[in-house]
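Worksheet for the structure shown next.
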Amino acid sequence: MRKFLTELRGKTVMTNDGQILGMIENFVMDTSSGNIQHVLVTPAEEIEVRLFQTDAEGRLILPFKSMRAVKDVVVMELANR
Amino acid sequence: MLVEMTELIGRQIYTQDGRLLGDVTNVVVDVEGARVDGLFVSETNQLLVEDSKSVNVPYRWVSAVNDVILLKYFPKRVSVKRGAAGKPGEAVGASAKGVPSTSR
């Protein structure tokens, strides 16, 4: 499935048990290979940010490969949570 | 080099012989493959692409991403397929398709 970057930005991100993590803000890619490594997510208010890896701007750093369904919302399958 | 993907939007793309193809207007993401499928340019140089149609430049044609984006390959000229130009409104830019069929 191919999607425009601008379509993916702003989508709500949920865990596979239905918890809202936040909104997709950006992606981190490797320019030499074209591989996308991380999704940067603006955390929802009720999220315990300490449980996640975050960047300098407080965005959650989630592995791109954990993205499962990408429809109206994005479902993430996060290990050991 | 790791970059945030929105940084690519607005960058100029130049061909291997130094011609300006246009500015990146969007990035096409291959979700299952976790990779960038291509760089979408909506107003292309009409000397390179017929009617300045939108093209999705396959990421494998990219050689460098810095202040500008350099390609290692781009067809001499991209023309609109007469047979496929059937339905109006189904311009090349209407979806994330429209990759020039030339392969390497």
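Lettering follows sequence order; numbering is per chain, from 1.
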Is the backbone N or O of [Y] less than 3.5 Å from a side-chain atom of [X], with the two atoms forming a donor-acceptor pair by type?
| X | Y | answer |
| --- | --- | --- |
| B:Ser52 | B:Thr44 | yes |
| B:Asp51 | B:Lys53 | no |
| B:Thr25 | B:Phe40 | yes |
| B:Arg35 | A:Ile36 | no |

Top contributor to chain A interface from B:Val65, B:Val27, B:Asn26, B:Val31 [non-hydrogen pairs under 4.5 Å]: B:Asn26
Salt bridge present between A:Arg9 and A:Glu25 (N-O < 4.0 angstrom): yes
Salt bridge A:Arg2-B:Asp30, side-chain N to carboxylate O under 4.0 Å: no
Which atoms of [X] come close to chain B, meaning under 4.5 Å heavy atom to heavy atom: side chain ones, backbone ones, both, or neither?
| X | result |
| --- | --- |
| A:Gln37 | side chain |
| A:Val28 | both |
| A:Asn26 | side chain |
| A:Met1 | both |
| A:Phe27 | both |

For A:Asn16 against A:Val75, the heavy-atom pair lying closest together: CA-CG1, 3.7 Å
Considering all heavy atoms, the nearest B:Asn56-B:Val28 contact: OD1-CG2, 3.6 Å
Non-neighbouring partners of A:Asp55 that pass salt bridge (Lys or Arg N to Asp or Glu O under 4.0 Å), sequence neighbours left out: A:Arg59
Those residues of residues 5-17 of chain B, ordered by number, that approach chain A below 4.5 Å (heavy atom to heavy atom): B:Met5, B:Thr6, B:Leu8, B:Ile9
